[in-house]
Protein chains: 2
Amino acid sequence: MISDSTALDSAFLALADPVRRSIIARLSRGPATVNELAEPFEISKQAVSKHIQVLEQAQLVTRTRDAQRRPVHLNPARLEALTAWIDQYRLVREGQFRSLDAMLQSSAGQRGAKAKEQ
Amino acid sequence: MISDSTALDSAFLALADPVRRSIIARLSRGPATVNELAEPFEISKQAVSKHIQVLEQAQLVTRTRDAQRRPVHLNPARLEALTAWIDQYRLVREGQFRSLDAMLQSSAGQRGAKAKEQ
DNA sequence: TCCTTGATCAACCTTTCGGTTGATTAAGGA
DNA sequence: TCCTTAATCAACCGAAAGGTTGATCAAGGA
């Protein structure tokens, strides 16, 4: 599980772009070079290269060396870490939405409890 | 499952900020008002209000009306939709990373296959 | 050696993001 | 009615995102 806040920032930010998500989808079928990854898009190869760097910094992908090629691999562990974070909050407690009025009237609820990210 | 690309954009972007993730974490323990959500942070209430609007537009939270209060609720369904998206690619195919060289040498691999986001 | 291929670096531009402050709206309560 | 509380709107600002073009680097191959 990722606990560093900046790591989560970069990982979620990396997924917040259709080009980068499409690259993830492509890499789930196997590694690919920058040229291969750039081919489906209308933007420049430099732009795709930047997207890959964003994914790499988020540790969602890794790169190896093969002569002048720099093949890109998916890093599934990082994707798992993101689902792990989401799953912390995905299942909310039974009955907590039962009655908003009851909650607001019984004192100030959890007011003052410092929200803390795990 | 979310299939609209802009919906995924806004949802992942919404999670790419420590303040907003902290708000999600807080809301997983029950609904809260803007003032309650703003209390742990050193930024202005207006800034927190903006963060909540980002989460609301991403449909990660919803709001109700209670007199002059606008309590915020978590929308777990949206979080589930995100894990569903990630899970498409989380489990990569057996053996696809076996040998990069083999892949690159056996023709051009999957070159030309249009990457398509589901 | 020279050329080609694969990919990055660098500079620049425009738009969006995250924050601020000040004014305004909306709903009760005295 | 007037005041307080809850929250948003509006205008503005600096930083970062996402794109472009042009130059450069690195590794083979003829």
Side-chain angles (χ1 to χ4, degrees), chain A residues 5-6 8-23 31-58 60-73 100-101 103-105 107-109 111-112, chain B residues 5-6 8-23 31-58 60-73 100-101 103-105 107-109 111-112:
Chain A
S5 181
T6 62
L8 286 168
D9 287 357
S10 60
F12 280 123
L13 186 64
L15 294 184
D17 182 282
V19 171
R20 290 192 293 260
R21 283 197 307 276
S22 185
I23 289 173
T33 65
V34 175
N35 274 337
E36 287 165 1
L37 292 171
E39 193 268 334
F41 303 107
E42 293 189 343
I43 59 177
S44 68
K45 193 175 65 167
Q46 288 93 326
V48 173
S49 188
K50 277 192 188 179
H51 280 302
I52 293 169
Q53 286 176 51
V54 170
L55 289 167
E56 189 179 19
Q57 211 196 337
L60 287 166
V61 306
T62 57
R63 323 191 68 165
T64 53
R65 199 16 127 174
D66 175 77
Q68 68 269 61
R69 296 182 193 79
R70 308 292 313 279
V72 185
H73 302 252
L100 175 64
D101 298 314
M103 173 167 188
L104 290 171
Q105 281 164 14
S107 78
R111 189 157 206 281
Chain B
S5 183
T6 62
L8 286 168
D9 287 356
S10 60
F12 280 122
L13 186 64
L15 294 184
D17 181 282
V19 171
R20 290 192 292 260
R21 284 196 307 278
S22 185
I23 289 174
T33 66
V34 175
N35 275 335
E36 286 165 2
L37 291 171
E39 192 268 335
F41 303 106
E42 293 189 342
I43 61 177
S44 69
K45 193 174 68 170
Q46 287 94 325
V48 173
S49 187
K50 278 193 189 180
H51 280 301
I52 293 169
Q53 286 176 51
V54 171
L55 290 168
E56 190 179 18
Q57 210 194 338
L60 288 166
V61 306
T62 58
R63 323 191 68 166
T64 52
R65 211 352 140 183
D66 174 76
Q68 68 268 62
R69 295 181 192 79
R70 308 291 312 278
V72 185
H73 302 250
L100 174 64
D101 298 314
M103 172 166 189
L104 289 171
Q105 280 162 18
S107 79
R111 190 157 205 280

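All of these numbers come straight from a predicted model, not from anything done at the bench. A note on names: the letters A, B, ... follow the listed sequences, proteins ahead of strands, and every chain is numbered from 1.
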Phosphate OP1/OP2 of [N]: any [X] side-chain N/O under 4.0 Å:
X        : N       : result
Thr33(B) : dA6(D)  : no
Arg65(A) : dA7(C)  : no
Ser44(A) : dT20(D) : yes
Gln46(A) : dA23(D) : no
His51(A) : dG19(D) : yes
Arg20(A) : dG18(D) : yes
Asn35(A) : dT5(C)  : no
Arg63(A) : dT8(C)  : yes

Val61(B) and Arg20(B): CA distance, side-chain angles, deciding distance, side-chain contact (heavy atoms from CB on, under 4.5 Å) verdict: CA-CA 11 Å; Val61(B) 306; Arg20(B) 290 192 292 260; over 6 Å; no

As a test of reading the structure: which of dC17(C), dA7(D), dG18(D) is closest to the side chain of Leu13(B), going by heavy atoms? dC17(C)

Nearest listed nucleotide, side chain of Ile43(A), among dT8(D), dA7(C), dT20(D): dT20(D)

At their closest point, which heavy atom of [X] faces which heavy atom of [Y], and how far apart are they?
X        : Y        : result
Ile23(B) : Phe41(B) : CG1-CE1, 4.2 Å
Pro18(B) : Asp9(A)  : CD-OD1, 3.3 Å
Arg63(B) : Arg70(B) : NH2-O, 3.6 Å

Quick one: the side chain of Gln68(B) and the base of dG29(C), do they pair up donor-acceptor inside 3.5 Å?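 Not at all, since no donor on one side and acceptor on the other fall under 3.5 Å apart.
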
Find which nucleotide of DNA chain D each of Glu42(A) and Ala67(A) is nearest to by heavy atoms, and output the residue with the more 5' nucleotide. Glu42(A)

Atom CD of Gln53(A) and atom P of dA17(D): how far apart are they, to the nearest Å? 13 Å

